[in-house]
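Worth saying up front: this structure is predicted, and the values here are computed from it rather than measured.
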Amino acid sequence: MPTTQPADDGIEYERYGDGQPLVLLHGGMAPREYWQPVLPHLDDYAAVVPQRVGFGTRPDAIDETGPDEVLDREVEDVRALVDTVGTESDSDRDPVLFGHSFGALTAIETARAATAADGETGVEAVVAYEPAVLPEGFREHADLADRMQARLDDGDREGAMKLYVGQVLHPDGVDDLDAWLAEWPVWPDCVALVEEVVRMNYAVERYDLPDRFDIEVPALVLTGTEGPDFLRDSARAAHSALPHSRLVEFDGVSHGGPSEAPERVTDEVSAFLG
């Protein structure tokens, strides 16, 4: 059974098992339950699963945190969480950050921010599955956030979220999206998160990937052959920008990655961490 408790800054998180802390950062539309298929494969770690701000436990109004501040807010929260779980851990190894999509971008930027502030990250490594970064040519024409906001302004919350699902999960189209959504476990509950997803997408569209990250810890960048082309490109771009990075591509796996093929993904993570 997990233990549930707040970190020093009030972020609620669940902790599963004992060992080196592995902080699992979920992506844009998924709540922390996204990691449920992964947890049974992490017996050698103390899996720490936080709830991102704006996704349930700590509402965050749009007028309080704008798109240009979203990533900084999340990085600050994760740094505080790392301090908390690192202090509480019985392991002699620092925590590892494992993020999916926007959570992967947050993991990378957390390591960079900690290095810039302290010279040390406080984490042992970063694992990033298809970080939410738009390649330069794609970013110049990105308009998903604007299109979602237009649907929202018209009162069509489900329509706004369907735009996101279509571009990120079904980039090549799907015969019957409504039928697919009817079988998708997080639908329609995820529609309640639509404002946060729009804000996050504005943040992603404005993010500029550096040529080189000032991060000394090793990184494992993961991608799959069946996801959107732009996210596979972004994974390779992030890999190139990280000084000590390994890139692994999973054949037949989409952007869902960790929850879609948990055993394959966690085997790579365990081999990487040693």
Side-chain angles (χ1 to χ4, degrees), residues 1-7 11-52 55-57 74 77-108 110-111 121-131 185-186 217-224 227 235 245-274:
M1 292 293 292
T3 58
T4 302
Q5 58 195 103
I11 300 174
E12 184 178 289
Y13 67 93
E14 295 177 348
R15 183 180 183 121
Y16 298 79
D18 299 305
Q20 181 181 20
L22 184 62
V23 180
L24 306 176
L25 304 174
H26 65 79
M29 204 163 43
R32 60 186 172 197
E33 287 76 18
Y34 168 85
W35 296 104
Q36 287 300 318
V38 181
L39 292 172
H41 304 278
L42 298 175
D43 289 341
D44 294 333
Y45 303 95
V48 176
V49 188
Q51 182 83 40
R52 282 175 52 197
F55 283 74
T57 56
E74 301 229 7
D77 288 341
V78 175
R79 288 186 65 191
L81 180 62
V82 166
D83 288 344
T84 297
V85 300
T87 300
E88 294 176 349
S89 174
D90 293 331
S91 173
D92 58 1
R93 299 177 67 175
D94 286 334
V96 173
L97 300 179
F98 181 4
H100 169 248
S101 195
F102 194 79
L105 176 58
T106 301
I108 292 170
T110 298
T121 61
V123 301
E124 180 176 302
V126 172
V127 180
Y129 192 98
E130 292 189 350
V186 301
V217 298
L220 174 64
V221 180
L222 307 172
T223 186
S245 177
R246 178 191 302 176
L247 177 68
V248 175
E249 183 174 75
F250 296 99
D251 186 50
V253 179
S254 73
H255 185 56
S259 66
E260 181 181 337
E263 186 170 4
R264 292 172 64 188
V265 171
T266 55
D267 282 349
E268 288 291 343
V269 172
S270 295
F272 169 69
L273 295 176

Item to check | Audit row: Glu74, Phe102, side-chain contact (heavy atoms from CB on, under 4.5 Å) steps and yes/no | outcome: CA-CA 10 Å; Glu74 301 229 7; Phe102 194 79; 4.0 Å; yes
Item to check | Nearest heavy-atom neighbours spanning Pro50 and Leu24 | outcome: CD-O, 3.1 Å
Item to check | Which atom of Pro262 lies closest to which atom of Pro37, heavy atoms considered | outcome: CB-O, 3.4 Å
Item to check | Pairing residues for Pro40 by the side-chain contact (heavy atoms from CB on, under 4.5 Å) criterion, not counting sequence neighbours | outcome: none
Next on the checklist: When you compare the side chain of Val248 with that of Leu220, does any pair of heavy atoms fall below 4.5 Å?
Outcome noted: yes
Next on the checklist: Does any part of the side chain of Val23, heavy atoms only, come nearer than 4.5 Å to the side chain of Phe98, both counted from C-beta?
Outcome noted: no
Next on the checklist: Is any side-chain heavy atom of Tyr16 closer than 4.5 Å to one of Leu42?
Outcome noted: no
Next on the checklist: How close do Tyr45 and Leu22 get, counting heavy atoms only, and between which atoms?
Outcome noted: CB-CB, 4.1 Å
Item to check | Beyond-backbone contact of Val82 with Thr84, side-chain heavy atoms, under 4.5 angstrom | outcome: no
Next on the checklist: To check you understand the geometry: which heavy-atom pair defines the closest contact between Trp35 and Pro258, and what is its length?
Outcome noted: CZ3-CB, 3.8 Å
Item to check | Side-chain touch Arg15/Ser89, heavy atoms, less than 4.5 angstrom | outcome: yes
Checklist entry - Going by heavy atoms in the side chains, are Glu14 and Val48 under 4.5 Å from each other? => result no
Checklist entry - Sequence neighbours excluded, which residues qualify as side chain to side chain donor-acceptor pair (under 3.5 Å) partners of His255? => result Ser101, Glu130
Checklist entry - What pairs meet the side chain to side chain donor-acceptor pair (under 3.5 Å) rule with one or both residues in residues 260-274, with sequence neighbours excluded? => result Ser254-Glu260
Checklist entry - Which residues satisfy the side chain to side chain donor-acceptor pair (under 3.5 Å) test with Ser245, sequence neighbours excluded? => result His239
Checklist outcome for this item: In terms of heavy-atom contacts, Ala235 and Leu247 come closest through O-CD1, 4.3 Å
Item to check | Whether His100 and Tyr129 hold their rings parallel, tilted or perpendicular, with breakpoints at 30° and 60° | outcome: tilted
Next on the checklist: Determine whether Leu39 and Val49 satisfy the following criterion, side-chain contact (heavy atoms from CB on, under 4.5 Å), listing intermediate values before the conclusion.
Outcome noted: CA-CA 10 Å; Leu39 292 172; Val49 188; 4.2 Å; yes
Item to check | Min side-chain heavy-atom separation Leu81-Tyr13 under 4.5 Å | outcome: yes
Checklist entry - What is the distance from atom CG of Leu222 to atom CZ of Arg246, rounded to the nearest 0.5 Å? => result 10.0 Å
Under 3.5 Å, side-chain donor or acceptor atoms of residues 90-97 against the rest of the protein: list the pairs with distances, not counting sequence neighbours.
{"from": "Ser91", "atom 1": "OG", "to": "Arg93", "atom 2": "N", "distance (Å)": "3.0"}
{"from": "Arg93", "atom 1": "NE", "to": "Glu124", "atom 2": "OE1", "distance (Å)": "3.0"}
{"from": "Arg93", "atom 1": "NE", "to": "Glu124", "atom 2": "OE2", "distance (Å)": "3.4"}
{"from": "Arg93", "atom 1": "NH2", "to": "Glu124", "atom 2": "OE2", "distance (Å)": "2.5"}
{"from": "Arg93", "atom 1": "NH2", "to": "Leu273", "atom 2": "O", "distance (Å)": "3.0"}

Checklist outcome for this item: Heavy-atom closest pair (Pro131 atom, Val221 atom, distance to 0.1 Å) is CD-CG1, 4.5 Å
Next on the checklist: Do Tyr34 and Gln36 pair up side chain to side chain, a donor and an acceptor below 3.5 Å, judged on atom types alone?
Outcome noted: no
